[in-house]
Structure formats: structure tokens, C-alpha cells
Amino acid sequence: MSEDAMLTVDNLNAWYGPSHILQGVSFEVKAGEIVTLIGRNGAGKTTSLRTIMGLVGKRTGSVAFDGQEILDQPAFRRFHLGLGYVPEDRRIVGGLTVLENIRLGLIASRHARQERAVIDRIAETFPRLKQRLTQQADTMSGGEQQMLAIARAMASDPKLIMMDEPSEGIMPVLVDEMFELFQAMKRAGTTVLLVEQNVERALQVSDRAYIMDQGVIVHHDTAAALLADTDIQDRYCSV
Ligand code: ATP
């Protein structure tokens with residue numbers, strides 16, 4: 001484990017019922033990095049994020065976050081420690097406004113008392129949401145809802161944010177905005193663990209990447225080296 005690791009996953013195993021999905025996954029994310037997990041459908045990327053967040057019941061191994069072992073901690077405790085998670089299905093509350101959804105991210109966070117300052121910070125970071133604070137969330141486009149899901153997770157000022165397929169199914173102009181946003185998050189000091197099918201775009205903004213196949217990490221390298229390695233991309237990243 002590196003001294004500057006924010007997240008260290010070591011020999012992580014996870015099961016859904018009798019199915020042994022993660023079979024000894026090990027990787028790390030250093031403070032300030034953007035790291036991407038890539039791999040074909042069913043490789044175990046989503047299960048990795050869910051297990052790190054504490055949402056998979058049967059698991060063994062070790063997950064150390066910011067110097068603490070968290071494998072047996074409940075998900076809310078991991079959230080309190082500064083782990084943010086934007087799931088693939090977003091979990092936006094459609095009947096609430098944009099502002100109310102952002103407030104949900106603040107409830108129980110250590111920044112709950114600074115609501116005004118947090119909302120101002122989020123509005124600056126997400127100008128598209130700033131114009132829509134009173135709009136009902138389910139009347140927004142899929143990409144805008146995805147931005148809102150990220151904004152809600154950022155409201156609690158996580159030390160590390162995990163995002164599952166944030167660019168999936170959204171219009172190209174918003175995909176561009178989103179990848180710019182990830183770079184801005186990094187500049188602001190947030191550490192990012194990304195799962196992406198949009199491999200080329202993800203690698204362009206990442207420091208390093210790990211490739212998963214059938215529940216194990218099969219390869220890892222700097223994002224620049226992987227961008228240049230079309231063989232690896234063809235072998236493990238085509239859907
Ligand atoms: P995708 O891009 O398709 O989401 P992934 O790499 O994220 O792929 P996972 O969603 O982690 O892959 O799935 C890994 C394996 O676990 C797959 O074989 C999948 O069918 C299985 N799996 C996922 N969720 C469940 C569940 N709730 N119950 C049983 N099996 C599951």
C-alpha cells in the first residue's frame with residue numbers, strides 16, 4: 001500500500017447469493033488522482049463500487065479508506081467518513097426540486113450547518129443547475145439529472161467520489177461538460193474513482209486505470225499508456 005493512498009482495496013471478494021463475483025480484487029487510488037475502472041459488461045465494476053460503499057452483504061478482504069479499515073462499516077458510516085457514491089441509476093427524487101435534491105445530499109453530512117455556503121458552491125460548479133434550482137427534477141433531461149446526482153454527492157464534500165457510468169445515455173454536449181467537471185473536481189482536490197464505458201474519454205481525464213475481467217483486475221497502467229495501447233483496449237474494453 002502506498003503512503004499516499006486514499007483508498008486501498010486488497011483481495012476483495014464479493015458474492016451475490018451463490019455467485020462469486022469479485023475474486024480477489026486489489027487496487028488503490030491515491031489522494032488527488034482520477035482512477036478509472038474499465039472492462040466489459042459484467043466484469044464486476046459496479047459490484048466493486050457497491051462493495052466499497054458497503055452495499056453488498058457477503059464480502060471478504062480489505063477496504064482501507066483514508067487510513068481506516070471500513071469493510072465491516074455500514075454504508076452511512078462510510079458516507080460520514082467522506083466516501084461519495086453516484087450509482088448508475090442516479091436515485092434522483094423526481095418529485096422534488098433541484099435544490100431539494102441537493103439538500104438531501106447535505107442531510108447528516110458534516111456540512112449540514114453551512115447549507116447556504118454549500119448551495120452557493122454547488123451553483124458555481126454546476127451553472128446548468130444554478131438556472132434550474134426550483135425546477136422539478138424529473139422534468140430535466142437525463143444528462144441534467146446525472147449532473148444533479150453528482151451535485152448531490154458533492155454537497156457533502158466527499159474526500160473521494162465514486163461514479164458509475166456517469167456519461168451513459170446522455171447527449172454529447174453534456175458528456176463534454178461532465179468530463180470537464182471531473183477535471184475541475186480534481187483541481188479542487190477531490191479524488192475520483194470512475195467506472196466508464198466511454199473508455200477513451202475516461203482515459204483522457206484519468207491519471208491511471210485498472211482493467212477488470214471476470215471479477216479480477218487483469219491489467220493496470222497509466223492512462224496515457226493505456227490510451228496508446230489499442231490491443232489492450234480491443235481485448236478487454238469492447239462491449
Ligand atoms: P455493467 O457495465 O454491465 O454494469 P459491470 O462490470 O459493472 O458491468 P457488474 O454489474 O458488477 O458488472 O456485474 C458483475 C456480475 O455480477 C455479472 O455477472 C452480473 O450478472 C452479476 N450481478 C450483478 N448484480 C447482481 C445481483 N443483484 N444479483 C445477482 N447477480 C448480480
Side-chain angles (χ1 to χ4, degrees), residues 7-29 33-63 65 70-72 74-76 78 83-92 142-143 145-146 149-150 153 160-172 174-175 178-179 182 191-206 208-221 223 226-227 229 231-239:
L7 178 74
T8 305
V9 174
D10 189 23
N11 195 23
L12 191 63
N13 288 266
W15 290 259
Y16 286 124
S19 308
H20 188 182
I21 307 294
L22 301 186
Q23 305 191 8
V25 169
S26 300
F27 67 90
E28 68 176 16
V29 184
E33 276 191 316
I34 300 182
V35 168
T36 299
L37 280 182
I38 50 188
R40 290 200 192 95
N41 288 125
K45 307 178 298 293
T46 296
T47 307
S48 297
L49 298 193
R50 296 190 76 239
T51 310
I52 293 166
M53 199 60 211
L55 303 172
V56 176
K58 191 175 171 197
R59 75 276 161 191
T60 61
S62 166
V63 178
F65 175 62
I70 58 166
L71 189 75
D72 293 325
F76 76 85
R78 303 182 197 211
L83 196 52
Y85 177 46
V86 184
E88 203 169 1
D89 61 3
R90 299 170 193 153
R91 302 284 169 99
I92 289 301
Q145 290 187 33
Q146 184 66 52
I150 297 170
L160 184 149
I161 183 167
M162 302 190 288
M163 291 183 276
D164 197 350
E165 306 275 3
S167 77
E168 195 185 15
I170 68 175
M171 58 181 169
L174 274 181
V175 172
M178 203 164 280
F179 280 100
F182 301 156
T191 307
V192 178
L193 176 58
L194 201 56
V195 162
E196 259 299 335
Q197 293 284 356
N198 199 338
V199 172
E200 200 175 342
R201 294 301 298 272
L203 290 176
Q204 284 164 353
V205 299
S206 298
R208 297 184 303 112
Y210 290 84
I211 299 183
M212 283 195 87
D213 192 37
Q214 299 186 38
V216 293
I217 302 283
V218 291
H219 191 74
H220 70 98
D221 211 331
L226 286 168
L227 258 179
D229 193 338
D231 279 355
I232 283 276
Q233 289 183 40
D234 289 347
R235 199 164 348 139
Y236 294 113
C237 307
S238 50
V239 179

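Just so you know, these numbers come straight off a predicted model, no measurement behind them. Counting starts at 1 for both ligands and their atoms, following the listed order.
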Would you mind running through ligand 1 and noting each atom that sits below 4.0 Å from a heavy atom of [X]?
{"X": "Ala43", "result": "5 (P), 6 (O), 12 (O)"}
{"X": "Gln197", "result": "2 (O)"}
{"X": "Arg40", "result": "6 (O)"}

Identity and distance of the protein heavy atom lying nearest [atom]:
{"atom": "atom 4 (O) of ligand 1", "value": "Thr46 OG1, 3.5 Å"}
{"atom": "atom 16 (O) of ligand 1", "value": "Ile21 CD1, 3.2 Å"}
{"atom": "atom 23 (C) of ligand 1", "value": "Tyr16 CE1, 3.4 Å"}
{"atom": "atom 3 (O) of ligand 1", "value": "Asn41 ND2, 3.0 Å"}
{"atom": "atom 11 (O) of ligand 1", "value": "Thr47 OG1, 2.5 Å"}
{"atom": "atom 8 (O) of ligand 1", "value": "Gly42 N, 2.7 Å"}

Close side-chain approach of Ser206 and Ile34, heavy atoms under 4.5 Å: yes
Within-4.5 Å side-chain heavy-atom neighbours: Val35 and Leu194: no
Main chain of [Y], side chain of [X]: is a donor-acceptor contact present, judged purely on distance under 3.5 Å?
{"X": "Arg59", "Y": "Leu12", "value": "no"}
{"X": "Ser26", "Y": "Asn11", "value": "yes"}
{"X": "His219", "Y": "Asp221", "value": "no"}

Any protein heavy atom nearer than 4.0 Å to atom 19 (C) of ligand 1: no
Exercise check, heavy-atom protein proximity under 4.0 Å to atom 1 (P) of ligand 1: yes
Carboxylate-amine/guanidinium contact Arg201 Glu196, below 4.0 Å: no
Nitrogen or oxygen atoms of Gly44 and ligand 1 under 3.5 Å apart: yes
Mutual orientation of the aromatic rings belonging to Phe27 and Tyr210 [parallel < 30°, tilted 30-60°, perpendicular > 60°]: tilted
Spacing of CD belonging to Gln214 relative to CG belonging to Leu22, to within rounding of 0.5 Å: 13.0 Å
Test log, rule side chain to side chain donor-acceptor pair (under 3.5 Å), inputs Tyr85 and Arg91: CA-CA 11 Å; Tyr85 177 46; Arg91 302 284 169 99; over 6 Å; no
Residue portion contacting ligand 1 (non-hydrogen atoms closer than 4.0 Å) for Glu165: side chain
